[in-house]
Structures are given as C-alpha cells and as structure tokens.
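Below is one structure, written out as structure tokens, with a few remarks after it.
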Amino acid sequence: MESRETILSELKATTTILDKGIGLPYFVPDNYFDNLALNLQSVINNTDIIEEKVLTIPDFAIPDGYFNNLSNTILASIDRNEVNEELSLIAPTLITISSSVPYQVSDNYFDNFSLINNQSTNNSTKAKVVSIYKKKWFQIAAAASVAGLIAVSGYFIADKTIGVNNTYASYKSVDVQGSVKKVSDDDLEKYLNSADYLTSNTDVIIGDENEDLNPKQEIKSVSDNELRQYLKEAGDSKKTVKKGI
Amino acid sequence: MHLDDKELLDLFRDSSTKESAFEAIIKKFQERLYWHIRKMVINHDDTNDMLQNVFIKVWRGLENFREDSQLYTWLYRIATNECLTFLEQRKKKATFSLEDDDNGLSNTIKADQNFDGNKLEWKLQLAIQTLPERQRLVFNLRYYDAMPYEKMSKILETSEGALKASYHHAAKKIEQYILNS
C-alpha cells in the first residue's frame, strides 16, 4: 500500500480538483462506534433466540423427557413382548389380564417420600442411640422387677420350708430321755397339775363304759371263735390299709 | 438433570454432595421399589415402612457398595430380602395366633377400598397369593415388571433355568385358579 503523501503528489500532477484532498460527505451518527459492539452483540443474541425458537418449536409437541426415556421405553416393550410370547405358550389366559397393579397410592406420596425418608435417616441415627439406652433401661427395670419378685416369693416359700425342716430337725435332735432326767420330780408334778385338763378328759377318748374295764375278765368271757374272728378281721384290715397306702 | 448410576454413586461418595445424591437416588428408584414391595406385602402402610427401611439400609451401606453389581440390582436385592423377612415374621405371628397367613394377605386384598372381586385384575391378585413366597416374587418380577431372567437371576441369586421353571409353574397355577374361580 502506498503512503498518503505519494497519492496526493500524484493527484496534484494529474488534476487540479482533487489535489486539495476533499473529505467524505457522509456522516456517522453520534457515538455510533461507541455503541457498535453492544449493538452487534444484541443482534447476535436475538438471532440465536430466533434460531433456537425455530428449532425448539416443532409442528407436533413431544412429551417432556421423551428422548431421554426413549431407549428405556423401547427396551421395556421388547421385554413385554417376550413375556407375552412366553405366556401365550404356558398360560394364555393371563395375557388377557392387564399387567398393571390394581392397588393405588395416595397423591403426592412419591413427591413427599424423600422428605419423610431424609427425616427417617436423620432420626434413625439419633434414635438409635436413644433407643439403645431405652432398651437397656427397660431391660434393667424388667430384670430388677423379676429378680425382686423371685426374691420376695422365694423368701416366703423358702422360709416356710426352712421352718418346717428346722422344726423337724430340732425334734429329731432332741434327747427326750436326757431332758426328762434333767427335770426334777417337783417340776414334773407342777407340769402335770397345770396340764390337768389333758388327763382329766380321758373319757372323751376311752368312754364311760370302759371306766371299770378289767381286761383279763373280759377276755375270759370271749369265746375262742370270737377271738379268732376278731384277729382275722384285724389282720385283714391291716392288709387292706397297707394295700391302700 | 438425568444422572446415571455411576455419576450418582460418585456424588454420594463426595461428602459435599452426599445428601443431594441420595435424594436423587431415592427419586430415581422409589416408585419401582415401592411397587416391588407393595405387590408382595399388599398393604400400603407396611410397604411404606419397608421402603423407608430399605432406603435407610441403602444410606448406611451405599458407601461400601463395591459396584460388583448394578445399583438397581443391589437395591432390588435389599428390597426383596426385606420383603421375605417381613413375610417370614408375619407367618410366625400367624402360626402363633393359629391364623393362615395366606388367607391374611387375601383378606388384606379384599379389604382394599377399590377391591372388585369380579374384575380379573383383582382375581389375579388373589390367585398370586396362593403361590409360595419365592414363586410369587418370580411371577411378579416377570409378569408385571417384564424383567428378563438374567436380571432376575442376579437379584434373587438363582439360576435362570430354575427361575424359568418357577415362573412357568406359577403361571399355570394362576391360570387354573382363575379359570376355576
């Protein structure tokens, strides 16, 4: 490119009109170049939006996420066909029944589920600690109650047994003859007098009819047959009692 | 935003995105797991409790999930175990109270507010309750979820052949029940 001075000197040599360097008659709006970059950017953005609109607004609407799930939908229908073909061979009646489950679930259940679940995971971590203590507390309380119950009832039962056993053992170990020997005759007499009521009521046991009973005479008056009969009966009754025991 | 399982697991392992990743996992699988459980235990409240238990177990175990299997398979396995444990406990309780547990589930179906004994869908549900638990699981996964035997085999840890045989027996039994009812 040649310099401006060269061009002007060339023009002076060829023409007298153009040698003064006449400027351009066009004007540019004020701040045109200052705003040019911004204006261009907005034009470019608008063009993008228009192009995008042209691309995203088709003649036929497509459900949201259609293309995301397309492969899954195709695979599912292939699997379903396979199941139906199989059923047509083994249980054709089942193909006529809808393969949708007749149960229902409340509206928004799945929308709210994750919130419930997050609470559960958080709570479960905390609750786990609490529940362990609770469990221990209950276990200890239950164990203490049972132990207490056993101890109290055991005391009563064992106490009676021990009492009976002790009494029996103590009677067994008493040296009656030795003890009687130690007691003086006066003491014995006093005891018999004080316990007179025991001996005075022998009639209850023996009966009035036997007060003047003389065994020797009575036996003489009994015949041998009667005696044999008595002994036989007495012997049988002993056997019977033994058998009964 | 549609994230695949690998991305979700990576986000879960990052403590700053752990909770949001977990929420995304719940959103992604909750419906499938819900219906998987519901078809086995019938009652919504029981299903809700179990679904929560499943996700609590997921929350605790996901960090150690080794990715030997797919996340989907792992979740289904947890839910299936949860179902079987629940039904086992229910059966024990029924034995204790001298009740027939299968009748219990049938009664739960009949107690549903939308139950209509004349509709085939409901008859099918009653027929399914006559199956043993594992056969019921296989039938549900195949018939309702159209799950391939290969996937089912990974979830139930049973051979494909055994699952196929089980499904065929189940389908025939159910057909007989419906034809005779």
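Reminder, nothing fancy here: chain letters follow the sequence lines and each chain counts from 1. All of these numbers come straight from a predicted model, not from anything done at the bench. Side chains included, hydrogens not; waters and symmetry mates left out as well; all remaining heavy atoms used.
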Check your understanding: Backbone N or O of Tyr144(B) within a donor-acceptor pair of the Arg80(A) side chain at under 3.5 Å?
Key -> yes
Can you tell me if [atom1] on [X] sees more than 12 non-hydrogen neighbours from other groups inside 6.0 Å?
X         : atom1 : result
Lys18(B)  : NZ    : yes
Glu150(B) : CD    : no
Asp64(A)  : CG    : no

Check your understanding: Given a strict heavy-atom distance threshold of 4.5 Å, which part of Leu87(A) is in contact with chain B: side chain, backbone, both, or neither?
Key ->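 Only the side chain of Leu87(A) comes within 4.5 Å of chain B.
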Practice item. State whether a side-chain donor-acceptor pair under 3.5 Å links Asn48(B) with Tyr109(A). Key: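 Yes, Tyr109(A) and Asn48(B) have a side-chain donor paired with an acceptor closer than 3.5 Å.
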Check your understanding: What residues form a side chain to side chain contact (heavy atoms under 4.5 Å, CB included) with Arg134(B), not counting sequence neighbours?
Key ->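 Here the qualifying residues are Leu84(B).
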Side chain, backbone, both or neither: which part of [X] has a heavy atom under 4.5 Å from chain A?
X         : result
His168(B) : both
Leu120(B) : both
Lys123(B) : neither
Asp145(B) : backbone

Exercise for review: Heavy-atom pairs under 4.5 Å with chain B are the metric here; pick the option from Leu94(A), Asn84(A), Thr96(A) that has the most.
Suggested key: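 Sorted descending by pairs with chain B, the first entry is Leu94(A).
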Practice item. Decide side chain to side chain contact (heavy atoms under 4.5 Å, CB included) for Phe113(A) and Tyr34(B); before the verdict, give the C-alpha distance in whole Å, the side-chain angles of both, and the deciding distance to 0.1 Å. Key: CA-CA 11 Å; Phe113(A) 180 76; Tyr34(B) 174 88; over 6 Å; no
Practice item. Could you tell me whether the side chain of Ile26(B) reaches within less than 4.5 Å of the side chain of Phe110(A), counting heavy atoms only? Key: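 The answer is no; the side chains never approach within 4.5 Å.
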Exercise for review: Determine, stepwise, if the pair Tyr143(B) / Ile97(A) fulfils side chain to side chain contact (heavy atoms under 4.5 Å, CB included).
Suggested key: CA-CA 11 Å; Tyr143(B) 183 79; Ile97(A) 305 172; 3.6 Å; yes
Give the minimum heavy-atom separation between [X] and [Y], together with the two atoms involved.
X         : Y         : result
Tyr103(A) : Gln125(B) : OH-OE1, 2.5 Å
Ala171(B) : Ala91(A)  : O-CB, 3.6 Å
Thr93(A)  : Glu175(B) : OG1-OE2, 2.6 Å
Ala146(B) : Asp79(A)  : O-CB, 3.2 Å
Ser100(A) : Glu121(B) : O-CG, 4.4 Å

Exercise for review: Output yes when Arg142(B) and Glu86(A) qualify as a salt bridge under the 4.0 Å nitrogen-oxygen rule, no when they do not.
Suggested key: yes
Practice item. Check the pair His44(B) / Val105(A) against side chain to side chain contact (heavy atoms under 4.5 Å, CB included), numbers first and verdict last. Key: CA-CA 7 Å; His44(B) 167 77; Val105(A) 68; 3.8 Å; yes
